[in-house]
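Accompanying notes for the structure given below.
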Amino acid sequence: MRTATMCFSILQGPRFKIHTLVNFWSGNFHSWTRTYSNSSKLHGSIVNGLEGGKSKKWTRRPVTTKAEERAKRIHSSKTSSIRHEVFDGAVSTNATLNINKTEINQFQKIQYYDIQKIIAENKDLANLVTVVAFDIETTGFSRENDGIIEFALQVLQGGENSTFQTLVNPERNITNSHVHGITKNMVDRPGVPRMRELIPILLQYVKSHQKPGGFIMWVAHNSRSFDVPFLLSEFSRCSIELPPNWLFLDTIPLARELMKSEGSKLSKISLQALREYYGIPLIGSAHRAMSDVRSLSLIFQRLTYDLKLTMPGLVERSFLGSDIKKKKS
DNA sequence: TGCCAGGCCCTCTTTAGGGCCTT
């Protein structure tokens, strides 16, 4: 049972703004216990060094923004075939996924516009924004000297293959295995992608969940200070630009809002503190990406409910990759 | 000798410093 099973497209019209978002999240409140009661996939076997669950082949969905249609007509299509399969989140090497490099490049070059302005001015936000909770595990805290070793996400609107997870070969030593339990032996093997191999897959995966002409809202805990700067550094090292239709949301400011709200007994704002505050049980190991993503997904839904947040409210609190300061050289 | 992660928030503050949060 997936956490998010309701379709976001039911959220229609500005006069339902508050209730629609609440209804969407609240629908998931009823499913979270069932989610945890059937979460054996988090304890699944290691497949090619990757934590995975039941096998489901990922099939691409057509995405038909006008810009991309134009891009498809323009490019000379040299298609590279990377053999990958998503085991409900774990990347393995058994099936074929066609990655068109030119298409990805064009995808990155879709008009540069004021994403937040466009979303804010659009009355039908539900049909524009895909909300994705994500988490990374890294070799340390330095975005310059450390690398990502695990990536996991969950598309909160649900649907087919709504979760994605993989270990990542950071191509460097791992000195903090005591934190997450991920060792060099686990990532230094053929089935585990490097970031430069994972990013094209990630772009395609996210694109397959993107609404036509829509946007992706990435949600993580402490994303402004940690996850997003790390992601930007990895994209930069791979000479790949962040898609212009991505925006980010940090749940820490939301937790602070809740902490200051009347009647709230929340005293700390760590992921663990929020999980305990909401009575969400830990499934799997803390500091493993997918486990933290599942916790975050439920915490985020509860936060938006408690703070009575609407989608415009979330967009207002979001930020862009360009808002992250680059380290002075 | 100096650096060692970086951003945000709070307060005994703003010409600053300490704590929290992420791995």
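Per chain, numbering begins at 1; letters A, B, ... match sequence-line order.
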Separation of B:dT22 atom C1' from A:Asp250 atom CG, nearest Å, is 10 Å
Between B:dT22 and B:dC4, how far is it from one P atom to the other, in whole Å? 23 Å
Between B:dT13 and B:dG6, how far apart are the P atoms? Round to whole Å, please. 27 Å
List the residues meeting salt bridge (Lys or Arg N to Asp or Glu O under 4.0 Å) with A:Glu234, not counting sequence neighbours, and say none if there are none. A:Arg237
In whole angstrom, give me the gap between the P atoms of B:dG18 and B:dC12. 15 Å
In whole angstrom, give me the gap between the C1' atoms of B:dC3 and B:dT15. 24 Å
Nearest-angstrom distance from the residue atom CZ of A:Phe230 to C1' of B:dT23: 7 Å
Do A:Leu274 and A:Arg302 have side-chain heavy atoms sitting under 4.5 Å apart? no
Between B:dT22 atom C1' and A:His287 atom NE2, what is the distance in whole Å? 9 Å
Rounding to a whole Å, what distance do you find between A:Leu167:CG and B:dT23:P? 15 Å
To the nearest angstrom, the CZ-P distance between A:Arg288 and B:dT23 comes to 12 Å
Report yes if at least one side-chain N or O of A:His180 is closer than 4.0 Å to OP1 or OP2 of B:dT23; otherwise report no. no
Applying a 4.0 Å non-hydrogen cut-off, can you work out what A:Leu271 is touching in the nucleic acid: base, sugar-phosphate, or nothing? sugar-phosphate
Pairwise P distance, B:dG7 and B:dG2 [rounded to whole Å]: 23 Å
Please round to the nearest 0.5 Å and tell me the distance separating atom CG of A:Leu203 and atom CD of A:Gln210. 10.5 Å
Can a side chain N or O of A:Lys268 be found less than 4.0 Å away from OP1 or OP2 on B:dG19? no
Distance in angstrom units between A:Asp146 CG and B:dG6 P, rounded: 11 Å
A:Arg256 side chain near B:dC8 phosphate (N/O to OP1/OP2, under 4.0 Å): no
Can you check the A:Met259 CE to B:dC20 C1' distance for me, whole Å? 9 Å
C1'-based separation of B:dC9 from B:dT14 [nearest Å]: 13 Å
Mapping A:Ser270 and A:Arg224 onto DNA chain B by nearest heavy atom, which one lands closer to the 5' end? A:Arg224
5'-most contact on DNA chain B (nearest-nucleotide basis), A:Ile269 vs A:Ser225, goes to A:Ser225
Report yes if the ring of A:Phe141 lies under 5.5 Å from the six-membered base ring of B:dT22 with planes under 30°, and no otherwise. yes
Set of residues satisfying side-chain hydrogen bond (donor to acceptor under 3.5 Å, both in side chains) with respect to A:Arg196, sequence neighbours excluded: A:Glu171
Interatomic distance where CG belongs to A:Leu232 and P belongs to B:dG7 [whole Å]: 12 Å
Picking from A:Thr139, A:Asn173, A:Asn176, what satisfies side chain to side chain donor-acceptor pair (under 3.5 Å) with A:Asp146? A:Thr139
Inter-nucleotide C1' distance (B:dA5, B:dT23), Å rounded: 11 Å
Side chain of A:Asn176, base of B:dT23: donor and acceptor closer than 3.5 Å? yes
Using atom types as modelled and distance alone, determine if a side-chain donor or acceptor of A:Ser177 lies under 3.5 Å from a backbone N or O of A:Ile182. yes
